[in-house]
Amino acid sequence: MAESFESARGVILSNVSALDRESIALPLLVGRVLAEDFYAPWDMPRWDNSEMDGFAVRAVDCHVSVQLRIEGYLPAGGSGEGLSVSSGTAIRIMTGAPIPVGCDAIVPFENTESDGETVTLKQPVKSGDYIRCCGSDISAGEVMIPSGTKLRPAEINLLASFSRLDAFVFCCPRVAILSTGDELVAPGEAPAAGQIIDSNSWSLAAAVRELGAVPICLGIARDNRESLAEKIAEGLKADVLLTSAGVSSGDRDLVRDILETAGIQQLFWKVAIKPGGPTAFGLQEGTPVFSLPGNPVSSMIGFEFLVKPALLKMMGYREVIPSLHKATLKAPLRNETEKVRFLRVVAEQTKDGLLAESAGDQNTGILSTMIRANAIAVLPATRSEFSEGEPVDVQLL
Ligand code: AMP
Ligand code: MG
């Protein structure tokens with residue numbers, strides 16, 4: 001019996017967990033997933049400061065056309081110590097400089113005229129104008145980046161702003177990738193008649209790398225016990241093992257047997273999806289092992305919908321199931337199977353929302369449809385006809 005799609009994904013996710021954490025230096029943190037809650041250690045801004053280059057004034061002094069005597073200069077980085085604004089005076093102040101004693105408003109240069117000794121105000125001023133107050137952005141003790149967040153340049157800026165030189169992030173899964181088949185040759189080798197170039201190793205490695213995990217390509221195992229057993233043993237040293245091909249019911253489809261011999265506890269062998277149906281999942285002492293179909297389109301789709309959520313969970317993400325979007329069909333689609341059907345579609349954002357249509361021939365042997373597609377429509381097993389104008393779920397690629 002094939003596992004349903006939902007239940008297969010549930011089995012996978014309940015059997016993988018986030019990897020250990022490691023401390024990584026600030027310059028290498030981008031793209032990693034934070035493994036601690038980052039609390040702001042102090043208020044931001046740290047002190048009241050000027051939002052503009054201009055003049056620090058007392059709002060009560062400031063009616064239009066008033067002339068104030070310039071009594072000092074306060075650059076960014078200056079402490080402001082010894083400077084104060086008293087009645088009838090102003091201090092020339094730069095953006096970011098601390099607000100001097102007595103001042104309760106900043107007048108930007110563009111709202112003034114100045115001869116260097118005095119400044120004349122061209123516009124009314126209110127108390128609080130152009131002052132960034134201490135803690136107005138971030139309060140001390142606030143959780144600013146929760147654990148499980150991917151660190152983008154913005155988060156890196158925040159960590160650096162609070163002087164963090166390193167942070168705990170989840171370790172990246174090392175994902176061993178094994179292609180299997182007597183017919184395979186590596187790219188660059190001249191294929192003899194009937195031989196097929198191993199492309200799955202490369203698309204799977206690319207998909208792993210794109211997520212931020214680390215692919216380890218084991219090359220090609222031949223369809224015999226020795227070769228498969230040796231490569232599988234090597235692959236089990238990684239955090240995850242992905243194999244492709246050799247799991248259908250062909251004469252030389254030995255992967256299933258060898259995995260059993262290697263002590264892998266199989267949790268399912270087939271999933272009620274198309275493409276990607278002959279996908280198996282098992283565990284060897286906690287190490288997840290995915291056996292994907294050999295067909296390149298099927299292996300990529302199996303990766304997208306079954307392997308990716310597992311890797312995201314191991315990487316420490318809180319959200320691991322990619323979100324589906326609603327797209328309106330430009331033309332009818334059919335699910336001729338009684339399985340969840342993944343159709344390669346072209347989705348286009350328009351003023352009426354997302355529209356989608358088939359990207360071409362949906363035969364799993366057709367790679368060019370995969371190249372044209374920018375999304376996968378996920379059609380439920382329970383219905384066969386999806387009409388023009390109907391909304392369907394799509395996962396953007
Ligand atoms: P199998 O699951 O072994 O029956 O393979 C199904 C189909 O996928 C066959 O046509 C294989 O030649 C092809 N195939 C298997 N492995 C790969 C690979 N690594 N790269 C490209 N095509 C493959
Ligand atoms: Mg084969």
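Position 1 is the first residue of the sequence, and the numbers go up from there. Atoms within each ligand, like the ligands themselves, are counted from 1 in listed order.
- Listed by first and then second residue, the ring pair (Phe, Tyr, Trp, His ring centres under 6.0 Å) pairs involving residues 256-279 are Phe268-Phe281 (not counting sequence neighbours).
- A salt bridge does not link Glu210 with Lys308: every distance from a Lys NZ or Arg NE/NH1/NH2 to an Asp or Glu carboxylate oxygen is 4.0 Å or more.
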Mind running side chain to side chain donor-acceptor pair (under 3.5 Å) on Thr287 and Gln284 for me, showing each step along the way? CA-CA 5 Å; Thr287 303; Gln284 203 246 21; 5.0 Å; no
Extract all donor-acceptor atom pairs below 3.5 Å that involve side chains of residues 320-329 and protein atoms in other chains or at least two apart in sequence.
unit_1: Lys326; atom_1: NZ; unit_2: Asp393; atom_2: OD1; d: 2.8

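- With a heavy-atom cut-off of 4.0 Å, Asp198 touches ligand 1 through backbone and side chain alike.
- Considering backbone and side-chain N/O of Gly294, one or more are found under 3.5 Å from N/O of ligand 1.
- Using a 4.0 Å cut-off between charged side-chain N and carboxylate O, Arg222 and Asp182 make no salt bridge.
- Under the 4.0 angstrom criterion for non-hydrogen atoms, Ser199 is in contact with ligand 1.
- Using a 4.0 Å cut-off between charged side-chain N and carboxylate O, Arg225 and Asp257 make a salt bridge.
- A salt bridge links Glu336 with Arg341: at least one charged nitrogen is closer than 4.0 Å to a carboxylate oxygen.
- Within the 3.5 Å criterion, the main-chain N or O of Ile156 finds no donor-acceptor partner in the side chain of Arg164.
- Taking 4.0 Å as the cut-off, Gly246 counts as a neighbour of ligand 1 on heavy-atom distance.
- Residue Pro296 has at least one heavy-atom neighbour below 4.0 Å for each of these atoms of ligand 1: 21 (C), 22 (N).
- Close contacts between ligand 1 and Ile196 involve ligand atoms 12 (O), 22 (N) [criterion: under 4.0 Å to a heavy atom].
- Counting heavy atoms under 4.0 Å from ligand 1, residue Ser179 touches it through the side chain alone.
- The shortest N or O to N or O distance between Asn200 and ligand 1 is below 3.5 Å.
- Counting the atoms of ligand 1 from 1 in the order shown, those under 4.0 Å from a heavy atom of Asn295 are 6 (C), 7 (C), 8 (O).
- With a 4.0 Å cut-off on non-hydrogen atoms, Pro293 does not touch ligand 1 at all.
- Residue contact annotation: Ile197 has a non-hydrogen atom under 4.0 Å from ligand 1.
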